[in-house]
Amino acid sequence: MALSVKYDPSQVEDKWYSYWLKHKLFHSEPDEREPYTIVIPPPNVTGVLHMGHMMNNTLQDVLVRRARMMGKNACWVPGTDHASIATEAKVVAKLKAEGINKSDITREEFLRHAWEWREKHGGIILEQLKKLGASCDWDRTKFTMDPALSKAVINTFVYFYKKGYIYRGVRMVNWDPEGLTAVSDEEVIHKETDSKFYYLRYKIVGPTRTPDGKDYIIIATTRPETIMADAAVCIHPEDTRYDYLRGQKVVIPLINKEIPIIEDDYVTMDFGTGCLKVTPAHDINDYAIGLRHKLPVLDIIDEHGHLNAKAQILIGEDRFVARKKIVKMLEEAQLLEKTEDYKSQVGYSERTNAVIEPRLSMQWFLKMEDLSKEALRVVEDDEVQLIPDKFKNTYRHWMENVHDWCISRQLWWGQQIPAYYLPDGEYVVEASKEEALAAAQKINPSLKAEDLIQDEDVLDTWFSSWLWPISVFDPDKPGFPDREPNRDLAYYYPTNDLITAPEILFFWVARMIMAGDEFCHKIPFSHVYLTGIVRDKQGRKMSKQLGNSPDPIKLMQEYGADGVRLGMLLCTSAGNDILFDESQVEQGRNFSNKIWNAYRLIQGWNVDGQLESRAEDKIAVEWFAAKLNRTLESVNDLFDKFRISDALMLIYKFFWDDFCAWYLEIIKPAFVNGVQSSIDKVTYDKTISFFDSLLKILHPFMPFITEELWHNIEERKEGETIMLEQMQKPQPYSAELIHSFDIAQQAVVSVRALRQSKNISPKEPLALQVKAAGYPQSITPIIEKMANISDVQVIDSFDKVSAGQSFMVETIEFYVPLDGKIDVGEEVEKIKAEIARYEGFLKSVSAKLSNDKFVKNAPAQVVDTERKKMSDATTKIENLQKRLEMLS
RNA sequence: GGGAGCUUAGCUCAGCUGGUUUAGAGCAUCUGCCUUACAAGCAGAGGGUCACAGGUUCGAAUCCUGUAGCUCCCACCA
């Protein structure tokens, strides 16, 4: 069968993916082997594959495929996250486009639409992962809102409630007026925003006047639209400038409401005017001051961010419109002293980008204090290893300053909080309505089911994702620390490695550790590999708005999934951002093609069983075997350190340079008089076995092309796959052998460079002389073949020759006679320059060695190396000088 | 404002507890080649005061201090 000149991924990829699926090769069941488990960071069910997913999932697939080939029972559990805010927003938008308002339909109707939407669009991202070659156990696909997983969430809530960790309280929360929900501190992004500082006049009640005789004080604010909710004006207790104000009252501009002057050292004296308006309902700090001073709380902004009736003026206006209008009103009333430009940090909602409004509302919280202690310890003690470990600092900082977790969200899409209100406002928390009724009846026996009203809110999405490594295996476990784990959980948990993004280290990773510790008494994974953010060439984050993210599916169509995987991996070091550029993917495609053509070369050979191996073939085989073992060893080491891209680069060079450029070029049968000669069977079989080893090493990175070629090199039975082949274990090898081959390579490169500089065709055979001292004679056939040398003469000393060129490899001297092809003057200059270079080097080395302190203080080994350097350099200089004499 | 990290070739990055020739790789560049596997290729070459300034040391890209620039995280200065 003739193979095409270029590798065509489209002919191969779908074929093998369906083959893997058909034979259930990704599926795992507990058995006697050691498990290797990864749970996918569940992408949003609404999501579409982007470059970040590509990166993240390629890494996971590499680890899983490699574990499988290392003899482990590998299981990669896929699934999606219900992503309450993001999904609800999409469904709301879709309904709106159909003319339906969320507020006009019931919760049940809305959820029906949402589920319908999920059925239709929910699987897209998982289907896209298949194109990438992801070897997930699709039979285990989970969704965070699967009934069983939702049950786990409810049980967890009930468990922590009964443990006393969950409480309900009025809190100042970050309110998203567009999403109409509270969001956690972590979902608020502070951005420097241009705003204005307004200096307002608050009239003093009574006869008191300022030292310069004015009847008003000046207060600076960025939010003039909230003055109607002011409860006091605050000065610092030690601020003598305002002594006259103590115990006085001032009047809120426009609405003429009297409020007291209070004193609190929260106020910074040298900021603004030193007078702070206190608005407990609309500022987190003011709320705290209000609590200290028992100030009334007046909430004048509604859930949409509009002023309500309590504001008295500008009722119904949006907060930003109101700001503009009130400034105008203040100006007209001559109550605006001045305006300054000001840059301040404003909080924005991560999901909707709306300006966050601090708002008092009733929310559910989970106490974090106790949970976070153990989660911090396991990371400190490296029971969970963060890769790279620089994230330990950030992690510690967060865990030491952890706030209680606001777990309620004012949405419908998600797990509804299992709190049931009694008519009198009391509530019970139970896993089901039946249990809730029973509990309620203990309080009031006359209650009926219809008297109970369930809390409207749902739980934060992370409140389900933090159970993920447990609930995908045993959804009955969360909430029941003492219950026996089921078979899957007992076998697969704890998982091994988690691959995720640093930005969700706290949202997700820390909390999974907490849940794992609480319910399984074991931490859920031992390594957390944190990937960087995929950015474009200019370093900008890839985003839909910028349109700078390539479509991964198109990329895979153009360059092949293997090519894209390689392109991503080549530039990935843990924790560093990835500057993505299509040229990297091109490199990946080119490499696929190289592998393809290497195979084309081998499979085109005629094998002759009678033929003896040539000398160079034998050396090449021995050398490559040694190099293979060394590579296997290094690759193992790099994987242990999670240096995936280094491992890949090593393999890349091993294949391209060592295998193709050297090994294959050496053993390649000659082409004589238009006829391809044959290869001996021993060398051929060895070559096939090397190629087989290479395919296996490459398979975790490039699953498709390696499967294709693995089926080409031998007839395979239906269901057989390279995926389940065992990775070779490195054997001891001769470093000496590799070293002498290295000398041959350097000699060859020198001769080739000489040809290039002297314009001598590679086809023209040359002679080569080498001095016996230090020359490993076994490499002669390699040099002859690869440098096109007619005859390597090993001699004791060079004759005086008229013209030729010499070079050294280490301290071994080589000489190429080049009668009439060389300019003696030029050669002399060259040698002189080289002598000068070595002399400079010698000088620096001898400076070191003549320094007593160095000889005394440096370790003996280092001194020895320096001595060796000196003697080598001296030898080289001597050799060069002799050459010089011969030439003159 | 606090904390962490980064700055090495045109680009992306290695360089682990200071000593392995006068700093490496891949890509890109340049030169010569369409040589019966591959021009998505082959052969060869060039390219760096290791951000800057001090210090410690026999010895610094590597350790310390400061400066500049960049990035990220945290934070309520109205």
Side-chain angles (χ1 to χ4, degrees), chain A residues 3 5-7 185 190 197 219-223 234 266-268 271-273 275-279 283-288 342 344-345 347 358 388 390-394 397-398 401 502-503 505-506 533 537 539 559 563 570-573 575-581 583-584 586-587 589-605 641 643 645-646 649-650 652-653 660-661 664-665 668 671 674 676 749 752-757 759 761-763 837-838 840-842 844-845 847-848 851-859 861-863 865-866 868-870 872-873:
Chain A
L3 296 172
V5 176
K6 289 200 172 15
Y7 170 60
D185 290 347
H190 288 93
F197 225 179
I219 288 166
T221 180
T222 54
R223 299 203 60 189
C234 190
Y266 165 75
V267 178
T268 313
F271 188 82
T273 60
C275 289
L276 168 71
K277 72 185 202 69
V278 181
T279 319
D283 184 282
I284 291 178
N285 305 296
D286 291 11
Y287 179 67
Y342 181 68
S344 65
Q345 295 292 316
K390 66 176 177 184
F391 286 107
K392 247 169 114 167
N393 290 330
T394 338
H397 188 258
W398 191 77
N401 299 287
E503 61 250 42
L505 191 54
F506 314 123
I533 298 167
K537 249 210 140 168
Y559 296 98
L570 277 172
C571 57
T572 315
S573 58
N576 288 341
D577 286 356
I578 292 108
L579 270 69
F580 180 82
D581 188 69
S583 69
Q584 290 152 357
E586 210 175 296
Q587 194 184 347
R589 177 202 58 181
N590 294 355
F591 187 48
S592 306
N593 199 45
K594 187 71 187 176
I595 298 170
W596 182 257
N597 275 292
Y599 178 67
R600 278 184 64 221
L601 173 67
I602 298 169
Q603 62 100 56
W605 288 335
K641 294 176 183 149
R643 304 186 61 139
S645 77
D646 288 350
M649 184 47 74
L650 188 78
Y652 176 91
K653 286 191 279 185
C660 295
L664 289 181
E665 289 299 332
K668 191 157 124 182
F671 209 79
Q676 171 84 65
V749 169
R752 285 173 178 170
L754 184 148
R755 285 178 187 277
Q756 172 110 351
S757 69
N759 245 320
S761 160
K763 288 175 188 158
R837 193 168 69 90
Y838 283 120
F841 175 66
L842 192 61
S844 81
V845 178
K848 260 190 197 177
N851 183 335
D852 278 350
K853 287 185 178 169
F854 170 72
V855 180
K856 237 186 278 168
N857 295 335
Q861 195 200 335
V862 173
V863 179
T865 325
E866 293 303 312
K868 171 98 166 60
K869 282 188 207 168
M870 184 156 86
D872 282 3

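Chain letters run A, B, ... following the sequence lines, proteins first, then strands; residues in each count from 1.
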Which part of the nucleic acid does [X] contact within heavy-atom distance under 4.0 Å: base, sugar-phosphate only, or nothing?
X        : value
A:Glu665 : base
A:Ala288 : nothing
A:Lys668 : base
A:Glu866 : nothing
A:Arg752 : sugar-phosphate

Nearest-angstrom distance, [atom1] atom, [N] to [M]:
N     : M     : atom1 : result
B:A9  : B:G5  : P     : 22 Å
B:C11 : B:A28 : P     : 15 Å
B:G44 : B:U7  : P     : 32 Å
B:G10 : B:G46 : C1'   : 13 Å

At under 4.0 Å, does any side-chain N or O of [X] touch on OP1 or OP2 of [N]?
X        : N     : answer
A:Arg643 : B:G15 : yes
A:Arg600 : B:C38 : no
A:Asn857 : B:C58 : yes
A:Lys6   : B:A39 : yes
A:Asn759 : B:G32 : no

On RNA chain B, compare the nucleotides closest to A:Pro859 and A:Tyr652; which residue's is nearer the 5' end?
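This one resolves to A:Pro859.
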Hey, which sits more toward the 5' end of RNA chain B by its nearest nucleotide, A:Phe671 or A:Thr221?
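Closer to the 5' end of RNA chain B: A:Phe671.
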Using whole Å, report how far CH2 of A:Trp596 lies from C1' of B:A39.
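So the CH2-C1' distance, A:Trp596 to B:A39, works out to 19 Å.
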Can you tell me how far C1' of B:G19 sits from NZ of A:Lys856, to the nearest Å?
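Atom-to-atom, A:Lys856 to B:G19, this comes out as 18 Å.
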Please pick, from [options], the nucleotide with the shortest atom-to-atom distance to any side-chain atom of [X].
X        : options             : value
A:Lys594 : B:G44, B:C58, B:C42 : B:C42
A:Asn593 : B:C38, B:A25, B:A37 : B:C38
A:Lys853 : B:A25, B:G32, B:C58 : B:C58

May I ask which nucleotide in the shown strands pairs with [N], Watson-Crick or G-U wobble, both distances under 3.5 Å?
N     : answer
B:A9  : none
B:C30 : B:G44
B:A51 : B:U67

Can you tell me how far CE of A:Met870 sits from CG of A:Leu842, rounded to the nearest 0.5 angstrom?
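Between atom CG of A:Leu842 and atom CE of A:Met870 there are 7.0 Å.
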What heavy-atom pair brings A:Ala598 and A:Cys660 nearest, and what distance separates the two atoms?
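In terms of heavy atoms, the two residues are closest at CB-SG, 4.0 Å.
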Heavy-atom closest contact (A:Lys390 atom, A:Thr394 atom, distance)
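Smallest interatomic distance, heavy atoms only, reads O-OG1, 3.9 Å.
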Under a 3.5 Å cutoff, is there a donor and acceptor pairing between the side chains of A:Thr279 and A:Lys277?
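Judged by distance alone, the side chains do pair up.
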Give the ring-plane orientation class for A:Tyr7 versus A:Trp596, where under 30° counts as parallel, over 60° as perpendicular and anything between as tilted.
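It falls in the tilted class, 30° to 60°.
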Could you check whether the side chain of A:Gln756 and the base of B:U31 have a donor-acceptor pair of N or O atoms closer than 3.5 Å, going by distance alone?
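Under the 3.5 Å cut-off, the side chain and the base do form a donor-acceptor pair.
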Pair of N/O donor and acceptor under 3.5 Å linking B:C77 base with A:Tyr266 side chain:
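Side chain to base: no pair present.
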Is there a side chain to side chain contact (heavy atoms under 4.5 Å, CB included) between A:Leu570 and A:Ser645? Walk through the geometry before answering.
CA-CA 5 Å; A:Leu570 277 172; A:Ser645 77; 5.9 Å; no
